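What follows is a short report on a single structure.
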Amino acid sequence: MPSYNPKAIEPRWQDYWDKHKTFRAPDLADKPKFYVLDMFPYPSGAGLHVGHPEGYTATDILARYRRMRGYNVLHPMGWDAFGLPAEQYAIETGTHPRVTTQKNIATFRRQIKMLGFSYDWDREVDTTDPSYVKWTQWIFLQIFDTWYDAEHKRGRPIAELPIPPEVRAQGEAAVRRYQDQHRLAYMAEVPVNWCPALGTVLANEEVVDGKSERGGHPVVRMPLRQWMLRITAYAERLLEDLEALDWSPAIKEMQRNWIGRSEGAEVDFALADGGPGRPAIRVFTTRPDTLFGATYMVLAPEHPLVPAITTPGQRAAVDAYREQAARKSDLERTELSKTKTGVFTGAFAINPVNGERIPIWIADYVLVSYGTGAIMAVPAHDERDFEFARQFGLPIRTVVRPPDDWLAQTGSTLDQLTEAYCGDGVAVDSGPFTGLPTAEFKKQITAWLEERGLGQRKINYKLRDWLFSRQRYWGEPFPILHELDEHGQRTGLMRPLTLADLPLTLPEMEDFKPTGKPEPPLSKAVDWVNVTLDGKRYQRETNTMPQWAGSCWYYLRYLDPHNDQAFVDPAKERYWMPVDLYVGGAEHAVLHLLYARFWHKVLYDRGYVSTPEPFQKLVNQGMILGEMEFTVGDRRYTEDEVEKRGDVFVLKADPTVRVEARAYKMSKSRGNVINPDQVVEEYGADSMRLYEMFMGPLEATKPWSMRGVEGVYRFLGRVWRLMIDERADELRLADAVQDVEPDRETLRLLHRTIQRVTDDLETMSFNTAIAAMMEFTNHLTRLTTRPRSVLEPFVLLLSPFAPHIAEELWQTLGHPQSLAYEPWPAYDPALVKADTVEVPVQVNGKVKARLTVPADIEDHALQEAALADVKIRPLVEGKTIRKLVVVKGKLVNIVI
RNA sequence: GCCGAAGUGGCGGAAUGGCAGACGCGCCGGACUCAAAAUCCGGUCCACGCAAGUGGGUGUGGGUUCAAGUCCCACCUUCGGCACCA
């Protein structure tokens, strides 16, 4: 096989690496460690997508590079294998999800192995494996066993939760209930997103525009008793600790927005006309400085005080509105938000700052789940309140003076606003606070309210507690038993399983279909559900955990995947953590990363991990789009049929027809999906890897191009021919390869290339690293004798990118061992420098001449040479030189 | 609407404030070949010109600077995220 034949080379080296366990990472080595992690895939039935190898190749290159730099590299792969699609498929075909899942994993493993990634396959994890589930359940029990000590800002064992004496006085059951209310994992009756088509409840995050994220099925709201994780307790730390992480500003911002911290005040509005016993209405506001402008209040329709305050005359209208709101999904609530709706309750409240009576309304633009579920409405300074006030003819009172140009621009006057002014300003019409700027007002009014017991400073978050249960079969069972009384009814008390009881595996069931009701399929496994323990009867929890559970800690299991005594050995955890580089798609920017960070912090508080954050550096690879398409309406054209005229593409045949030229997201329906199997079949894994890295910056969205793959394939062919005799029948070195000293320029270019590739690897600029190697290859191609001392380091440079061809060449160059642990080539800075350089000479910033001068030329010599140049002299003669800029060894600019 | 990222040849893209377009694709020409493919060599931002050359050019308009794709201000477009969060 004398010509480059990846099909012959690649499987052989993959076998070699497998057999020799070349990439096995020793547990605890003296070497510095480097933990480089990919977001593990969900093994879907569709097989690997070209998007997967993009991130995997990037991390693989760095893993191989770091090994050569002497690091102990941890580079693992596994399967996020619980999840809806496998179960959906199972329901449709009657196949057990375990069967489908294992089949899909086998496909994914084959495809990933065919790309030659240097994973330590001994560390492979599968979230559905009972030995993995065991520890997912164990971690859940740790969360269950933890309460959040707000004072010390950390999670602590539930046994350390202070029990108020009045609770203790009520006895053992009361204490347990009190504890259960404070656990980080707790059960609550919550309005959930019930999806009838999927037969499950979905997390808020799994609902997009009122439809299920998977499948786009409609979702309705209904109250249900569910498991919740108290992620909100960690909101502040999740926010603060972002600071020190080496993540892209975009992702950090997305997480910050999701957490949605806002600072303000809670203020109590007393009910008018009420006796001393009537409760006050508490609102949250970020603008306590606008209290004097509050002209009405709004409660969420679900607010618990609504029935109590509604006057008889308004009851019918209020009840009707509440019922209507309850039926509406979130989608309908927002979609119909063009015009605001609401109903007056008939009740009035007293504005605490001025004693004014203001009406209390209910409206669905106020959400029961945020803040206190009630607001004070300041229509002059809040867009939503302004719109509502207009709708219902409520008074609008300006209490912050807008800037004059804003008034002019909007056509407003101080008394007649045409829209709400939401900016800062100086207070007007605000009693004793009139004249204060917004920030100062906020401070003073908050203190004023606190003194009088009317309010206090308050921080609120958009982040909600995490709905953690699903009504599905294919997930981790909760390791929880519900206590039954003598009548077989649940008492509400729970008993966690112990480590010895784990893993609690799924019962084998003939029928794992959803029940069609919010009753989980596991409830049908009667034998499994009913348990007697220590003479007491229990029922197992029949919900299962969501897919996120397994992915919240898999990066820890890789450290010690076969340990059956602990989820990870503490010494190994200390050695490897944190993850030095985590690469994956931006679709996980918020949820997976936030959930994993939350679990990690709980484990950290409980002393099981040593770092407060799991992922030190995070990089999101960009999306790979399909090939460029030229379309007019639905009609597609080829590149040859169109041309560019000015800024747009038109048909060659009819230039009046404008052609849409762009690349689209790959999708089955569009028919533009690229299959990695085919690419590897045709060009080999090395070309696939190289192309995905050469397309452009890792983080950019970029279109696929088969011609581009061909381009890098040709490059590898050129590299091959640099060293291999193509005409020979046997694999042997070309005659041009000789043990001679390289010429000066070749040596310089070699060192320059080492420098460029090394620097680019450090900054993950893979595309330019490849360009540098291409340039060097072009130089070597022109040489008739090619020194071995140049080719060998070059092969090492190439090896992280295209490992199969590099191993093959390395072996042919006479090395019997894999190059995986060869030292990375070093460059000599002295050799990188050229002897002479070309320096442009500008006159008034325009290049007019070029000088070839010694690289280390002194400024004054360069200046003289520039002025003396034949092209420059006539341009400057007789003119006054106003300024002369000399950039050392780089450029001369003469300003006249 | 708000937040974030990005706009450079026919295409993907490259450029610590210092020669815009590296590298690759495509295209044009040449060599090799009976021929083709493959390969190798050369050319390829646009306009004018036989040429030497001249002028223009990094989404638009301004600004800072000896010098701006790069820095500042305003705007336009595309992509991604959030979206009644008080």
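Chain naming here is simple, since letters A, B, ... match the order of the sequence lines and numbering starts at 1 in each. Values in this document were obtained by computation on a predicted structure and should not be read as measured data.
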- line: Between CE of A/Met254 and P of B/C82 the distance, given in whole Å, is 6 Å
- request: Just name whichever nucleotide pairs with B/G53, Watson-Crick or G-U, keeping both distances under 3.5 Å, else none.
  value: B/C48
- request: Among the candidates B/C23, B/A14, B/U39, find the nucleotide nearest to the side-chain atoms of A/Arg721.
  value: B/U39
Distance between C1' atoms of B/A15 and B/C40 (Å, rounded): 30 Å
- prompt: Using the glycosidic torsion, which applies to B/G9: syn (within 90° of 0) or anti (everything else)?
  reply: syn
task: Report the distance from atom NZ of A/Lys890 to atom C1' of B/A67, rounded to the nearest whole Å.
output: 14 Å
Test item: A/Glu54 and A/Met693 side chains (from C-beta on) under 4.5 Å apart, heavy atoms: yes
query: For B/C75, which nucleotide in any strand shown is its Watson-Crick or wobble partner with both distances under 3.5 Å?
result: B/G59
message: Taking the ring of A/Phe694 and the ring of A/Phe766, is the distance between their centroids below 6.0 Å?
response: no
- request: Describe the nucleic acid contact of A/Pro249 in one word from base, sugar-phosphate, nothing, applying a heavy-atom distance below 4.0 Å.
  value: nothing
statement: pair_partner(B/C2), Watson-Crick or wobble, both distances < 3.5 Å, evaluates to B/G81
- line: Judged by nearest nucleotide, the residue sitting upstream toward the 5' end of RNA chain B, A/Lys883 or A/Gly711, is A/Gly711
field: A/Arg756 vs A/Thr768, side chain to side chain donor-acceptor pair (under 3.5 Å): CA-CA, chis, key distance, verdict
entry: CA-CA 8 Å; A/Arg756 286 172 70 184; A/Thr768 49; over 6 Å; no
- prompt: Counting side-chain heavy atoms from CB outward, which of B/C66, B/G4, B/C84 is closest to A/Glu253?
  reply: B/G4
- prompt: Which residue, A/Glu838 or A/Asp385, contacts RNA chain B at a nucleotide closer to its 5' end, judged by nearest heavy atom?
  reply: A/Glu838
task: Mind checking A/Glu639 for me? I need base, sugar-phosphate or nothing, with any heavy atom below 4.0 Å counting as a touch.
output: nothing
- request: Just call it for A/Thr285: base, sugar-phosphate, or nothing, with non-hydrogen atoms closer than 4.0 Å on any strand.
  value: sugar-phosphate
field: Closest to side chain of A/Ser262, choosing from B/C40, B/A86, B/G4
entry: B/A86
statement: Against the side chain of A/Tyr370, the closest entry in B/A86, B/G4, B/G12 is B/A86
message: Pairing check on B/U33: which nucleotide meets the Watson-Crick or G-U wobble criteria with it, both distances under 3.5 Å?
response: none
message: Using the P atom as the point on both nucleotides, what is the distance between B/G17 and B/C71, in whole Å?
response: 8 Å
message: Output the rounded distance in Å from NZ (A/Lys462) to P (B/C3).
response: 13 Å
- prompt: Using a cut-off of less than 4.0 Å, is there contact between a side-chain N or O of A/Asn767 and OP1 or OP2 of B/G12?
  reply: no
- prompt: Do A/Thr758 and A/Gln755 meet the criterion of a side-chain donor-acceptor pair at a distance under 3.5 Å?
  reply: no
- line: Atom CD1 of A/Ile770 and atom P of B/A14 are separated, to the nearest Å, by 12 Å
- prompt: Looking at A/Asn778, does any N or O in its side chain come under 4.0 Å of the phosphate oxygens OP1/OP2 on B/G24?
  reply: yes
field: Distance in angstrom units between A/Leu716 CG and B/A38 P, rounded
entry: 17 Å
field: B/G80 phosphate, OP1 or OP2, under 4.0 Å from A/Lys665 side-chain N/O
entry: no
query: Rounding to the closest angstrom, what is the interatomic distance between B/C46 and B/G10 at atom C1'?
result: 13 Å
message: Below the 4.0 Å mark, does B/C40 have OP1 or OP2 next to a side-chain nitrogen or oxygen of A/Arg718?
response: yes
- prompt: Which nucleotide, B/A14, B/G18, B/G12, lies nearest any side-chain atom of A/Thr768?
  reply: B/A14
query: When you measure from the side chain of A/Thr285 to the backbone N and O of A/Arg287, does any donor-acceptor pair fall under 3.5 Å?
result: yes
query: Of the nucleotides B/G12, B/G18, B/G56, which has the atom closest to the A/Lys846 side chain?
result: B/G56
A/Tyr370 and A/Ser262 side chains, donor-acceptor separation under 3.5 Å: yes
field: C1' atoms of B/U64 and B/U78, separation to the nearest Å
entry: 29 Å
- prompt: Hey, does the side chain of A/Arg282 reach the backbone of A/Thr372 with a donor-acceptor pair shorter than 3.5 angstrom?
  reply: no
- prompt: Say you pick atom C1' in B/G13 and the same atom in B/C82; how far apart are they, in whole Å?
  reply: 31 Å
message: What contact category does A/Arg782 fall into here, base, sugar-phosphate, or nothing, at under 4.0 angstrom with non-hydrogen atoms?
response: sugar-phosphate
task: Could you tell me which nucleotide pairs with B/C66 by Watson-Crick or G-U wobble geometry, both distances under 3.5 Å, or answer none if nothing does?
output: B/G18
- prompt: Between B/A6 atom C1' and A/Leu625 atom CG, what is the distance in whole Å?
  reply: 14 Å
message: Rounded to whole Å, please give me the gap between CD1 in A/Ile360 and P in B/A86.
response: 22 Å
task: Dump the intermediate steps for side chain to side chain donor-acceptor pair (under 3.5 Å) on A/Glu629 and A/Tyr664, then the final yes or no.
output: CA-CA 8 Å; A/Glu629 292 177 29; A/Tyr664 298 84; 5.3 Å; no
- request: Could you work out the separation of B/C41 and B/A5 based on their C1' atoms and round it to a whole Å?
  value: 42 Å
query: Taking only side-chain nitrogens and oxygens of A/Arg256, does any of them come within less than 4.0 Å of OP1 or OP2 of B/C82?
result: no
- line: Winner on side-chain proximity to A/Ala771, out of B/A86, B/C23, B/G26, is B/C23
- line: Among the nucleotides B/C66, B/C25, B/A86, whichever has the atom closest to the side chain of A/Arg707 is B/C25
- prompt: Quantified in whole Å, what is the C1' atom distance between nucleotide B/U58 and nucleotide B/G9?
  reply: 10 Å
query: Heavy atoms under 4.0 Å, any strand shown: does A/Ser248 hit a base, just sugar-phosphate, or nothing?
result: nothing
query: Quick check, are the ring centers of A/Tyr296 and A/Phe388 under 6.0 angstrom apart?
result: yes
field: Integer angstrom distance from the P of B/C23 to that of B/G62
entry: 35 Å
task: Provide, to the nearest angstrom, the distance between the CG atom belonging to A/Asn844 and the C1' atom belonging to B/G18.
output: 15 Å
- request: Taking only the side-chain heavy atoms of A/Lys702 (C-beta and beyond), determine which of B/G18, B/G13, B/C79 contains the nearest atom.
  value: B/G13
statement: Using Watson-Crick geometry (N1-N3 plus N6-O4 or O6-N4) or G-U wobble (N1-O2, O6-N3), each under 3.5 Å, B/C27 is paired with B/G43
